[in-house]
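To start, the structure itself, in structure tokens.
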Amino acid sequence: MEPYRDPSKPVEERVSDLLRRMTLEEKIGQLCQYSGFTEEIEEAVKKGLVGSLLNVTGVENVNRVQELAVKGSRLGIPLLMGLDVIHGYKTIFPIPLAMASSWEPEVVRRAAEVAAREAAAEGIRWTFAPMVDIARDPRWGRIAEGFGEDPYLSSVMAWAAVKGFQGESFSPHPERVAACAKHYVAYGAAEGGRDYNTVDISERTLREVYMPPFKAAVAAGVATVMSAFNDLNGVPASGNEYTLKTVLKGEWGFRGFVVSDWNAIGELIVHGIAADGAEAAKLAISAGVDMDMVSDLYRRHLPDLVRSGVVPVEVIDEAVRRVLTVKFQLGLFENPYADPERAREIVKCREHLDIALEIARKCIVLLKNEGALPLRKDLKRVAVIGPLADDRDAPLGCWRALGDPNDAVTVLEGVKKKVSPATEVLYAKGCDVSSEDRSGFAEAVEVAERSDAVVLVVGEPAYMSGEAASRAYLDLPGVQEELVKAVWDAVKDAGIPVVEVVMSGRPLTIAWSAEHAPAILAAWHLGVRAGDALADVLFGDYNPGGKLPVTWPRTVGQVPIYYNHKRTGRPPAPDRFTSKYIDEDWRPLFPFGHGLSYTRFEYSNLRLEPERLEPGETLAVSLTVTNAGSREGDEVVQLYVRDLVASVTRPVKELKGFKRLTLKPGESRRVVFEVPSELLAFYDRAMRLTVEAGEYEVMVGSSSQDIRLRGGFRVTRTERFIASGRVSFTRALVL
Ligand code: NOJ
């Protein structure tokens, strides 16, 4: 047996052995990825000129193509089959922004684990997830795909997602897939929130806000990273030697491979930094982009660039090594094929669908409740109204892989299953999501008037967020707000409770509702079990405990708006000449970390230890949380820190720890956060990663604006760190 085929040999040895046997064309082939499957691609696969395919699905198709590579090509190198398995493969979970609202990393890990199990069973061994782009701008549609605005929350979730997809350690396992942290880097900072747009941010913001989740994914062992479309401070991310080589592969020691985003190498020409395909290929490979997603420029130009000495063959070898290493780590050489039997057994099995329900419940955020919720199950009549009330498509959200809308449970169905048999459930659509037609309002009003409670389901359809779905307005699309007003006007005097359920892939500007509707739920796009999860919350079988991972603005004019902003020299105050608007409140509609419950939580007895922190020490922040209401419920305890005086301006507060816990009525628990001192580090004036000596304020609360306890500590000495891939998290204990 050739050494590269011998699974008992170390991966490095297998890679070296294989590399020695490859022609230049075969090597470059490993760096090429194509979409779908055509006759031309088939020929290329047989010649060993393709390393990976994306968007080839179905066990039979995948196995057939794989066989061409394994049996039909000279060296029999298996293909890496990729797909965007973002929040589920066929069992669709809530969109990532919704999962971040759970503030429970285990939710993200579990969803990724199930998605990996299903995808791998059907031969997909690589997912282009997690998307870990920080987003401070809800106009940007891709905010739906990530974990929100906060670098710490996103880093914890990025770690969890990688572990879920790849397993605790990345080693051959038939139920695991290689993950891909994307879009490296700062893609979410697109000017004006317009997708693919230019990014121009400071090095400090880049490193403190946009890079941390990527660094966390790398520390978690992510197998691949995707280079983004955007240009960053003048250099496109897919030709950026600094971000890819200096930081990712250098400082952080990333050992996997980098794949470009779709045709991002070709777009280097459009960006205007390459004159032609050859130059684009040269720039990308030299910058550290190992695999070319679909531009075909590596295949067309790298052979000549190497032969003419422009690109050293060592650069190619290095990239091929990285790609082959991932293939060996996945066990593809030993097990290249999917097992149709197993796929039939596990894909969309009962267990997975139940996990989808459990997860969906945890992602719902109760934005407002003046006592309308929970509803009673024995009402005489309940009206379910709105364009998304009986819609199967919206719950699946953007990027639903092979999800099927027919599997989704609508809110109307969920409510019908939930109420007592004597309860009549009335339905009226009212209007379409985004048309101007108001002809359905009369029916909606009539149905509402005849009911004892109204559930209004409004918001965005699935594809109003995700890629290329930037919006200039953040209102409920079409005439939906008018529908809400019409229904509310008709029933308000009768005291009929109205509950607004907002489905969306982003924060929406629903200031009118926030003022008038007695209760509002942020439902995001909750996946296949959306209707069941929402019915559980509406009727009190589940007490909502989600919190916003992103700020909800009052109006689009406030964007970008995020909780961890700087203080400015003139913080907002009644005086005119302070930082605010003359025509709108400067504060958000719903702040980061906000989310209510059907019970109440009290915070007490904050203790900080030690009060003088030495470099390398751990700060223990402990407090008591009590469920002071009469129902069991979940609270997310949030820990924020502020550096009071520093060499550079620091945010008004930064999340440094959080813990979701369940408390019975009357129950009290002690929560302890163990914060490693390096979590206080930031980039100083000389861009050195530093924890500065001085006073710090600690804030603990139920949201970034609902701070319940405050304390302080002192860092005794300044501590500097050398650049590395080290990532630390706060440990949260519940005693
Ligand atoms: C383009 C998107 O930006 C990226 O997120 C996705 O993974 C690729 N297309 C592949 O579908």
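Predicted, not measured: the structure shown is a model, and the values here were computed from it. Residue indices begin at 1 and follow the sequence shown. For ligands, and for the atoms within them, numbers begin at 1 and follow the listed sequence.
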Starting from atom 6 (C) of ligand 1, find the nearest protein heavy-atom neighbour and note its residue, name and distance.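 Checking every protein heavy atom, the shortest distance to atom 6 (C) of ligand 1 gives Asp84 OD1, 3.3 Å.
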
List the closest protein heavy-atom neighbour of atom 5 (O) of ligand 1: residue, atom name, distance to the nearest 0.1 Å.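 So the nearest neighbour among protein heavy atoms is His183 NE2, 2.6 Å.
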
With a 4.0 Å cut-off on N to O distance, would you call [X] and [Y] a salt bridge?
X      : Y      : value
Asp404 : Lys90  : no
Lys47  : Glu25  : no
Glu104 : Lys362 : yes
Arg471 : Glu460 : yes
Arg64  : Glu67  : no

Pick whichever of Asp261, Val259, Asp133 has a heavy atom sitting closest to atom 1 (C) of ligand 1.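 Considering heavy atoms of Asp261, Val259, Asp133, the nearest to atom 1 (C) of ligand 1 sits in Asp261.
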
Give the atoms of ligand 1, by number and element, whose distance to some non-hydrogen atom of Lys182 is under 4.0 Å. 4 (C), 5 (O), 6 (C), 7 (O)

With heavy atoms and a 4.0 Å threshold, my read on which part of Arg142 contacts ligand 1 is side chain

When you look for heavy atoms under 4.0 Å from ligand 1, do you find them on the side chain of Leu54, its backbone, both, or neither?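 Side chain only; the backbone of Leu54 stays clear of ligand 1.
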
Determine, using heavy atoms of Met131 and all atoms of ligand 1, whether some pair is separated by less than 4.0 Å.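 No, that is not the case, since the closest heavy atom of the residue is not under 4.0 Å from the ligand.
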
More than 12 heavy atoms of other groups within 6.0 Å of Arg300 CZ: yes

